[in-house]
Amino acid sequence: MRLQLRAEIAALHRRAGAVMILVTHDQAEAMALADRVAVMKDGALQQTAAPMELYRRPVNRFVAGSWVRRR
């Protein structure tokens, strides 16, 4: 059901052509749905970038760890 919902959200975003903000703790959702991702820790922005940029070039250990822990 969750994968189906992701597909529906992605389709809605394409049809609407609008800016959307999705808040999630699920990195798989962020990778699947986002053009850009903002990683936050304790209310402070750590990094914002395209999903693969975060994965390939994290700016600090927290950002790097947020991708590793969930995989």
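We use all heavy atoms of the structure for the numbers below, so side chains are in, but hydrogens, waters and symmetry mates are not.
For the pair Asp35 and Pro51, the tightest heavy-atom approach, listed with the atom from each and the gap, is O-CD, 3.5 Å. The shortest non-hydrogen separation linking Glu53 to Gln47 is O-NE2, 4.5 Å. Nearest heavy-atom pair across Ala32 and Arg6 is CB-CD, 4.3 Å.
In this structure the side chain of His13 never reaches within 4.5 angstrom of the side chain of Leu22, judged on heavy atoms. Using a 4.5 Å heavy-atom cutoff, the side chains of Met20 and Leu12 are in contact.
Of the N and O atoms on the side chains of Gln46 and Asn60, at least one donor lies less than 3.5 Å from an acceptor on the other residue.
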Take Glu29 and Ile9, measure what side-chain contact (heavy atoms from CB on, under 4.5 Å) needs, and give me the verdict at the end.
-> CA-CA 10 Å; Glu29 277 185 357; Ile9 291 171; over 6 Å; no
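Taken together through direct or relayed side-chain contacts under 4.5 Å among Ile, Leu, Val, Met, Phe, Trp and Tyr, Val37 and Phe62 form part of one hydrophobic cluster.
Contacts of Met40 classified as side chain to side chain contact (heavy atoms under 4.5 Å, CB included), with partners at least two apart in sequence or in another chain: Leu45.
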